[in-house]
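Below, read A as the first sequence line, B as the second, and so on, with proteins coming before strands; counting in each chain starts at 1.
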2 protein chains.
Amino acid sequence: MTGGNRVLVVDDDAGLARALAINLRAHGWEVTVAGTGAAGLDAAASARPDVVVLDLGLPDMPGLDVVAGIRGWSRVPIVVLSARQLGEDKVDALDAGADDYVTKPFAMNELLARLRAAVRRAQPAEADEPVVEAGELIIDLARRTVTRSGRAVRLSPTEWGLLEVLVRNRGRMVGRQQLLHDVWGPSYSSETNYLRVYSAQLRRKLEADPAHPRHILTHPGAGYRFEV
Amino acid sequence: MTGGNRVLVVDDDAGLARALAINLRAHGWEVTVAGTGAAGLDAAASARPDVVVLDLGLPDMPGLDVVAGIRGWSRVPIVVLSARQLGEDKVDALDAGADDYVTKPFAMNELLARLRAAVRRAQPAEADEPVVEAGELIIDLARRTVTRSGRAVRLSPTEWGLLEVLVRNRGRMVGRQQLLHDVWGPSYSSETNYLRVYSAQLRRKLEADPAHPRHILTHPGAGYRFEV
DNA sequence: GTGCGGCGTCAGGGATCCGTCAAAGGCCCC
DNA sequence: GGGGCCTTTGACGGATCCCTGACGCCGCAC
């Protein structure tokens, strides 16, 4: 995981804050907790979190002022927690500069997903090395394009998904279950037919001699490997 | 270092200002000093600093008025110095538009670090090229204008929102969910109809041949990409 | 030689997705 | 109240894609 993993939780409800902290830490986040808006502004400046979880119902100051205060000097993503069912203050929060909102009660998985999404959206400033060269192939992971000997290759969504997982793990064998999980989803752990069909389609489009592939190699009974 | 190295110090304490200037120059900064709020506003306009260090305890005018005065026409980062330990006027300063806050007494290294951070944060906002050329298109992100072969193109707010997200991520595919989130809001993660309608409208206005677009490309099942 | 399991190949039908169009509804300004 | 622009919604055709099942090939064990 290249992205950040520091989260600031601003919530005056000590019990909820503690539960959040435990759950977030269990999922790999480094958690800072602030119990008031003022402390939240402090912590946002000093702890430099990658994302902020902000409960709007703070005792010392309006939650929207906290949003505005942080937005005055930082573009860190802010996910707002709100008890209100009606959407009025959601709109206000978004106008003030929040990135997303979750209404209480909420499922922990939903919050985790929204945090990941918020951090991912904030990422694109820092790009790793997204272009891979493999012989006559050039694979641009950011652009989502493949060229073979200078000519663009059209890939279907699933073909690209499979290629992307293989290329991101280039030089290493990727197990069949991981491939199926990453490309098709969590519940496709045994449909190895898919891998046969799509590895063949990729080879037909990418390999000079599909019968003797040089990039997409098979590990019988185990998985596949992409070699540059 | 691409960023700037000019700092304006606004402080009525001549001794402290001199010590700051010596230290800052020793670390490569080009320093301007102003002893009053009025002189500070003047210098901020004439010296065009990359960052301002502002002591709140000025004799001639409230420090926050200096912050507001500068913010009226410039987004230069402002780091506030204050003797107060309590955080109340910290919030006020951040609300007024200050970027960071240091309480006296402070370690020189801390101030230096915060100045570097403030300049670094300010970079992407102003330093990125706000005018993008893509073939016969000229897109000015700051002025929110588009011209095609020299003729202005009128875009609706939503059309512009979509184009802006794509152009800011030019050369990278932007996922459908991110587009919907950034243009329509957090709760529109599945309304892919919008993308179909508005990408078509943009193409009709921007592409020479909307049927074979050269700038606004589709990645089926995934998202869209803007190519210069 | 024979059986067996795993992999590669192929083709077709149902499902999905995109681009397109048109019309209804909302909003603001006149 | 009326008109114009904008957003939203729904429906449709066409192209593409995904899944499925069957078959052939190869290597291995017996």
| message | Check the phosphate of dC6(D) against T158(B), side-chain N and O only, distance under 4.0 Å to OP1 or OP2. Yes or no? | response | no
| Reckon W160(A) touches a base, only the sugar-phosphate, or nothing at all at heavy-atom distances under 4.0 Å? | nothing
| query | Quick one: is dT7(D) close enough that its OP1 or OP2 comes under 4.0 Å of any side-chain N or O from S156(B)? | reply | yes
| message | Tell me the interatomic distance from L202(A), atom CG, to dC18(D), atom P, rounded to whole angstroms. | response | 11 Å
| task | Establish, with yes or no, whether the OP1 or OP2 oxygen of dC18(C) is under 4.0 angstrom from a side-chain nitrogen or oxygen of R176(B). | result | yes
| message | Measuring to OP1 and OP2 of dC21(C), would you say a side-chain N or O of R196(B) lies under 4.0 angstrom away? | response | no
| request: Ignoring backbone atoms, test whether Y224(B) places a side-chain nitrogen or oxygen under 4.0 Å from the OP1 or OP2 oxygen of dG19(C). | output: yes
| said: Please compare V197(A) and G223(B) by the position of their nearest nucleotide in DNA chain C and report the one closer to 5'. | reply: V197(A)
| message | At less than 4.0 Å, is any side-chain N or O atom of Y198(B) found next to OP1 or OP2 of dC6(D)? Yes or no. | response | no
| said: Below the 4.0 Å mark, does dT7(D) have OP1 or OP2 next to a side-chain nitrogen or oxygen of W184(B)? | reply: no
| Are any of the side-chain nitrogens in D99(A) or R71(A) under 4.0 Å away from the carboxylate oxygens of its partner? | yes
| Do the rings of W184(B) and Y194(B) sit parallel, tilted or perpendicular, given the 30° and 60° boundaries? | tilted
| field | Under-4.0 Å side-chain N/O to phosphate OP1/OP2 contact, T218(B) with dG19(C) | value | yes
| query | So which one's nearest nucleotide on DNA chain C is more toward 5', H219(B) or R204(B)? | reply | H219(B)
